[in-house]
Amino acid sequence: MQVAQHLVEGGLALEADAGDVGQADAALLDDGVVGEASGGLELARVGLVAAESQRGVRVSTMNSDEARQLFEIRLSLDPTAAELAARRRTDDDIATMRAAVDKLLPVTRQWGEEALTAHRTFHQALYRASHNDVLIRLLDDLWDKSDRYRRLGLELPPGDEPRTRDLQEHHQLVSLVEEGRAAEAAQLMRDHITHSLTATAISALEDREGAPTV
């Protein structure tokens with residue numbers, strides 16, 4: 001298993017350093033293994049691990065400040081990608097999005113990791129249809145860093161109705177992009193993000209930290 005995938009799937013304690021985790025997980029955090037898996041700096045670049053003097057490598061802490069910053073960036077970038085996709089999508093892009101949306105499941109506790117993986121695959125298909133290489137790289141990195149917050153949101157009990165609504169919005173997004181309705185696609189994406197799992201995770205982390213909700 002790739003180290004990054006192991007981290008975002010919750011395989012390591014979120015605030016542990018290499019001295020505090022079990023032997024198997026500590027081995028994953030060993031400099032040699034991290035270097036082999038990600039070129040040494042890749043995990044740190046996307047914020048999944050941090051190197052500390054005299055302490056080795058530790059898993060980066062999840063916190064509401066980072067979650068909110070990631071949310072704010074996504075609220076800017078993903079609607080832009082949806083708008084560009086509606087203007088630039090090809091027949092192949094539409095086919096890829098249709099195939100991805102047909103595999104979606106409600107992102108609920110019941111469906112868990114399978115639903116999250118399908119959810120990310122769909123969003124990747126959509127923003128890659130923007131054909132803006134810089135934007136695509138930014139969103140790839142953003143999703144890498146945000147995945148563990150989505151998994152936290154999945155563990156919270158907001159009810160299934162919001163997640164079922166999300167599933168319906170994905171189908172609507174494909175239709176808007178296919179029909180070239182750029183402004184409407186961007187607005188629906190913005191609304192979609194506002195009610196996302198990351199938004200749910202922010203509230204939970206703020207409550208945990210005792211921070212005021214903005």
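If you read the sequence from its start, that first residue is 1, and numbering goes on from there.
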If I compare all heavy atoms of [X] with all of [Y], which pair ends up nearest, and what's the gap?
X      : Y      : value
Leu84  : Ser130 : CB-CB, 3.8 Å
Ala118 : Lys103 : CB-O, 3.7 Å
Ala86  : Ala182 : CB-CA, 3.5 Å
Leu116 : Arg151 : CD1-CG, 3.5 Å

According to the interplanar angle, ranging from 0 to 90°, do the rings of His119 and His192 count as parallel (below 30°), tilted (30 to 60°) or perpendicular (above 60°)? tilted
Taking atom [atom1] of [X] and atom [atom2] of [Y], what is their separation to the nearest 0.5 Å?
X      : Y      : atom1 : atom2 : value
Leu104 : Glu114 : CG    : CD    : 11.0 Å
Met189 : Thr194 : CE    : OG1   : 11.5 Å
Ile193 : Asp78  : CD1   : CG    : 4.5 Å
Glu66  : Leu205 : CD    : CG    : 10.0 Å
His123 : Leu139 : NE2   : CG    : 10.5 Å
Glu184 : Gln172 : CD    : CD    : 11.0 Å

Residue pair [X] / [Y], side-chain heavy-atom distance below 4.5 Å:
X      : Y      : answer
Ser196 : Phe71  : yes
Val174 : Arg98  : yes
Leu70  : Leu142 : yes

Let me see the working for Gln69 and Asp65 under side-chain contact (heavy atoms from CB on, under 4.5 Å), right down to the final yes or no. CA-CA 6 Å; Gln69 289 169 25; Asp65 285 342; 4.3 Å; yes
Does the Arg89 side chain pair with the main chain of Glu178, one donor and one acceptor, at a distance under 3.5 Å? yes
Kindly say whether Ala129 contributes a backbone atom to a donor-acceptor pair with the side chain of Arg88 at under 3.5 angstrom? no
Could you tell me whether [X] and [Y] have a side-chain N and a carboxylate O separated by less than 4.0 Å?
X      : Y      : result
Arg190 : Glu83  : no
Arg120 : Asp144 : yes
Arg128 : Asp93  : no

Test side-chain contact (heavy atoms from CB on, under 4.5 Å) applied to Gln124 and Asp140, step by step: CA-CA 8 Å; Gln124 285 178 324; Asp140 279 342; 4.0 Å; yes
Ser64-Glu206 side chain donor-acceptor pair, cut-off 3.5 Å: no
Under a plain distance cut-off of 3.5 Å, with no hydrogens placed, do Tyr127 and Asn132 share a side-chain donor-acceptor pair? no
